[in-house]
Structure formats: structure tokens, C-alpha cells
Amino acid sequence: MPQAPSIDRVSPLSADEAKWTELRKIEDGKQRVWEAAARKTRKSTGIDAVAIAPILHHPSKPVSTMIILQYRPPVEAFCVEFPAGLIDEGETPEEAAVRELKEETGYEGKVSGISPVLSSQPGMAATNMKVVDCSPTIVSDPGLTTANMQMVTVEVHLGENDEQPEQHLEAGEHIERIIVPLSELYDKLQALSKEKGKIVDARLYHWALGLHWSQRLIGGKK
């Protein structure tokens, strides 16, 4: 992985300069005032983005997921996270998930039918990939920002000799892919969080924490 870009300067940003976000003043009937950040990129769906939880099935390897490392200037670190991205105008969350997964990981599929929000029915079919779940609209930092998203779970069925596909990254974008068995995900995140210059995304950690405790409490693992 290349060296993290250096942050040369951090300074206040005027509203006229801001391209992606804006600050809002929120007041209620009790004369309380909040400050919130909002995306300027939200499309007509009312949903900002998708995060993708890939489930990889291999004939001779444990069921796994794929996480990525991507440098995030606001936290001045490489963020350990699920593949994710903004929803384009006219896209459903499922379609955005297919597009972003291909761009960031190389795995490709096509949408043949759109599952409604909260449906657990397959929303996409291909020879090796299908959407199996789409979350309701969720938020991750409601005390600070209006940003929201949906999480799409995608199953990828691999062949015995399949090679890792080529990514389709934008210019200047660098994303490292890491395949982790589901049974080892929690421990992997713990290890990565201790490495200098890395920080774990809360949504991924919560997902892994739920999996970890379900294994311990339901599966009887200590």
C-alpha cells in the first residue's frame, strides 16, 4: 500500500466554497439549536449512499467477506470499511451496490429485478452474484449529520480456480481489498485497528460485533 497522503493544511470552509456539504441550523419549539452537516449530493430517492456487505462462497474455502482499505482525509487515516459509494440519480440502492462493488472490488453482476426496501428476496441475478438483502434507510451519526444510507448484502459464488477480478477505480483512487473468513472478521478488525494509520469504520465494526456475539451467545462459543 502506498504511503498515506500528507495533510498540509486544515482551515475553515465558507459556504460559498463548499461543493459537497453544507452546515444547517436546526431549531425546535423549546428554543434549542443544533448544528448539522448535510450532503449537497442527495438525489430524488432521498438516500445518499450504499454500503455493500459481500458474502463470498468458495467450493473449498470458508465463507468469507471482503473489506477494503481506503484513505479518508477527514480522519487522516486508512479506513477499514465495506465497499460503499453515493447513489446516482435514477439508481436504486441495489443498482448502486452492483456498480460500486464492480468499481471497488471487480466483482460484477446485473440487476434483473429490484427487491423493495426491507425485502430479503433476491434483487439481482447473475451467474455468480445476487443481492440477498437491502436494509431500510439507516444513519450512523445522527447527532452531527443528516447523511443516510442503505446497506446491501450481496452473495458472490466463486469457482475453484477463479482469480480475483480487476478493479475499476477512478483516477487517483486507491483501494486495497482484503478477503476475511466470517469467523475471523472480528479478530481481524481488532488487529487492523492496532496498526498505525488505520481506523475501523463504525458500520463495519457493528456488523462484525453482531456476528461475533451471535456466535458466542447462540453458538456457544467462548
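- Between the Thr105 side chain and the Lys102 main chain, no donor and acceptor come within less than 3.5 Å of each other.
- Judged purely by atom type and a 3.5 angstrom limit, Glu104 uses its side chain to pair as donor or acceptor with the backbone of Ala84.
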Given Arg203 and Asp201, is the salt bridge (charged side-chain N to carboxylate O under 4.0 Å, His left out) satisfied, shown in steps?
CA-CA 6 Å; Arg203 292 157 297 191; Asp201 179 80; 2.8 Å; yes
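- Looking at Thr137 and Gln150, their side chains do bring a donor and an acceptor atom within 3.5 Å of each other.
- Between Ser183 and Gln215, the side chains place no donor N or O within less than 3.5 Å of an acceptor N or O (distance only, hydrogens not considered).
- The pair Arg99-Asp88 counts as a salt bridge, with a side-chain nitrogen and a carboxylate oxygen less than 4.0 angstrom apart.
- A donor-acceptor pair under 3.5 Å is absent between the side-chain atoms of Lys188 and the main chain of Ile179, judged by distance alone.
- Residues meeting the side-chain contact (heavy atoms from CB on, under 4.5 Å) test with Lys19, sequence neighbours left out: none.
- A donor-acceptor contact shorter than 3.5 Å is absent between the side chain of Asp48 and the backbone of Lys43.
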Enumerate, atom names and distances included, each donor-acceptor pair closer than 3.5 Å involving a side-chain atom of residues 7-14, sequence neighbours excluded.
unit_1	atom_1	unit_2	atom_2	d
Asp8	OD1	Ser6	OG	3.4
Ser14	OG	Glu17	N	3.4
Ser14	OG	Glu17	OE1	3.1

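- Residues forming a side-chain contact (heavy atoms from CB on, under 4.5 Å) with Thr145 (at least two apart in sequence, or on another chain): Ala37, Asp141, Ala147.
- Cluster annotation: Trp213 and Trp207 are assigned to the same hydrophobic cluster (Ile/Leu/Val/Met/Phe/Trp/Tyr, side-chain heavy-atom contacts under 4.5 Å, transitive).
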Val180 vs Ile67, test: side chain to side chain contact (heavy atoms under 4.5 Å, CB included). Steps then yes/no.
CA-CA 8 Å; Val180 186; Ile67 58 178; 4.0 Å; yes
Let me see the working for Arg39 and Glu22 under salt bridge (charged side-chain N to carboxylate O under 4.0 Å, His left out), right down to the final yes or no.
CA-CA 6 Å; Arg39 287 189 181 275; Glu22 65 180 10; over 6 Å; no
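- Scanning both residues, Ile52 and Glu100, for their nearest heavy atoms gives CD1-CB, 3.8 Å.
- Across all their heavy atoms, Glu160 and Pro59 have their closest contact at OE1-CB, 3.4 Å.
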Could you please spell out the steps behind the side chain to side chain contact (heavy atoms under 4.5 Å, CB included) verdict for Thr153 and Val131?
CA-CA 6 Å; Thr153 305; Val131 170; over 6 Å; no
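- The aromatic rings of Tyr186 and His212 sit parallel to each other, their planes meeting at less than 30°, with 60° as the upper class boundary.
- Residues passing the ring-ring contact (aromatic ring centres under 6.0 Å, His included) test with His57, sequence neighbours excluded: His157.
- In this structure, the side chain of Glu95 engages the main chain of Thr92 through a donor-acceptor pair within 3.5 Å.
- Annotation for Tyr107 and Met66: closest pair CE1-CE, 3.4 Å, computed over non-hydrogen atoms.
- Tyr205 and Gln190 are linked by a side-chain donor-acceptor pair at a separation below 3.5 angstrom, with hydrogens and angles left out of the test.
- The heavy-atom pair separating Val80 from Leu189 by the smallest distance is CG1-CD2, 3.8 Å.
- Clustering of Ile, Leu, Val, Met, Phe, Trp and Tyr side chains at separations under 4.5 Å places Trp34 together with Ile26.
- Shown here are the side-chain contact (heavy atoms from CB on, under 4.5 Å) partners of His206, two or more places apart in sequence or in another chain: Ala202.
- For Glu103 and Gln167, the side-chain atoms include no donor-acceptor pair closer than 3.5 Å.
- The number of heavy-atom neighbours closer than 6.0 Å to CD of Glu35, taken from other residues, nucleotides and ligands shown, is 12 or below.
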